[in-house]
Amino acid sequence: MQNNNRLRIVIQKSGRLSTDSKQLLIQSGMKIDLEDKRLITFSENMPIDVMCVRDDDIPGLIMDGIIDLGIVGENVLKEELLKRQSKLEDSNYIKLMRLDFGHCKLSLSIPINTNYFDINFFNHTRIATSYPYILKKYFDDKNIIFKSCSLNGSVEVAPSAGLADGIFDLVSTGATLKANGLREVEVICYSYACLICKSNNMNLFKKSIINKLLTRIKGVIKARESKYIMLHTPRSQLKKVMKLLRGAEEPTIIELGNDNKKVAMHVVSSENLFWETMEELKLLGASSILVLPIEKMME
Ligand code: ATP
Ligand code: ZN
């Protein structure tokens with residue numbers, strides 16, 4: 001039964017998205033028992049319940065309006081969307097934001113020794129995949145006729161087992177492909193984890209919790225991407241130093257105790273500081289360069 005006074009979030013139970021999803025909720029201020037193996041866990045300090053399921057079930061729970069919020073890979077989301085659209089089933093949802101984890105790509109791969117010329121190679125072939133709808137859309141747009149062999153696991157062994165001419169699957173390092181005598185020939189799309197929300201009749205109370213959570217999640221991600229930089233620089237080089245730290249907010253300039261040729265500069269940078277930039281700062285006469293992580297941020 002739906003409880004209108006508590007927001008329900010669904011995340012992956014165990015797999016590549018689960019640790020990051022749980023961590024994101026905790027860093028956003030939610031007190032929740034991570035070790036709890038129950039299907040639904042209740043947050044102690046916020047009116048939020050967290051449900052843990054297989055990632056493939058997440059888009060459907062949102063599109064059917066059963067659960068309010070979900071964290072899922074765009075790959076799984078898109079496949080479910082295309083599947084439902086082809087069957088004229090409910091497929092509404094709102095994508096609230098892309099998250100900063102779960103990065104992967106969907107690619108076409110073929111046996112290493114097969115000669116590849118261009119995408120038309122795939123005309124009249126059979127492709128093993130767990131993403132038949134994404135693949136169909138891609139090939140339909142290119143007028144390529146193919147047959148799919150739908151597998152939910154061990155997709156990469158299909159060519160050597162004589163089940164398919166190639167595969168369409170997630171690739172991260174490429175090690176699995178190599179181990180199975182395959183090579184990637186086309187990257188079809190990239191994917192990240194994203195936060196999605198059901199699109200129908202949410203009450204004002206739930207909407208206000210979602211807005212609060214969204215602000216906090218944005219703050220957590222922004223903090224993870226940002227650094228607090230402190231350094232001493234010759235007063236004469238201040239402009240050049242500031243230019244090197246471009247993209248940063250306005251810096252704070254502080255006088256030093258007994259050295260009026262130098263000043264201290266503190267700045268929040270929206271990106272990490274690479275060694276190369278630190279070396280350039282050093283050449284300008286900067287010293288005591290510190291790069292610190294930021295825990296929380298609110299703009
Ligand atoms: P489940 O048991 O929940 O069905 P699964 O085996 O289908 O899990 P996982 O391997 O845990 O799925 O991957 C979950 C999602 O993580 C993928 O659908 C994709 O969005 C993302 N993902 C895939 N590979 C990587 C990777 N190397 N690094 C980060 N995220 C990835
Ligand atoms: Zn899955």
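Just follow the structure's listing: the first ligand is 1, and inside any ligand the first atom is 1. Computed from heavy atoms alone, side chains included, the values below leave out hydrogens, waters and symmetry copies.
- Formation of a donor-acceptor pair under 3.5 Å by the Glu79 side chain with backbone atoms of Tyr133 is found in this model.
- With no hydrogens or angles considered, no side-chain donor-acceptor pair links Arg216 and Gln27 at under 3.5 Å.
- Electrostatic pairing of Asp49 and Arg6 counts as a salt bridge here, judged by a charged N lying under 4.0 Å from a carboxylate O.
- Using modelled atom types, one finds a donor on one side chain and an acceptor on the other under 3.5 Å when comparing Asn45 with Ser43.
- Residues Ile196 and Ile94 are not in side-chain contact: their nearest non-hydrogen atoms beyond the backbone lie 4.5 Å or more apart.
- Protein N, O or S atom count below 2.8 Å of the Zn ion (ligand 2): the structure gives 2.
- The side-chain heavy atoms of Asp33 and Phe42, taken from C-beta on, include no pair separated by under 4.5 Å.
- In this structure, Arg126 does not pair ionically with Asp165, as no charged nitrogen and carboxylate oxygen lie closer than 4.0 Å.
- Taking the six-membered ring where the residue is Trp, the centroids of Phe146 and His124 are separated by 6.0 Å or more.
- Sorted by chain and number, the residues within 4.0 Å of ligand 1 by heavy atom are Gln12, Gly15, Arg16, Leu17, Arg54, Asp55, Asp56, Gly73, Asn75, Val76, Gly102, His103, Cys104, Leu170, Ser172.
- In this structure, His103 and Tyr192 have parallel ring planes: the angle between them is below the 30° cut-off, well short of the 60° mark.
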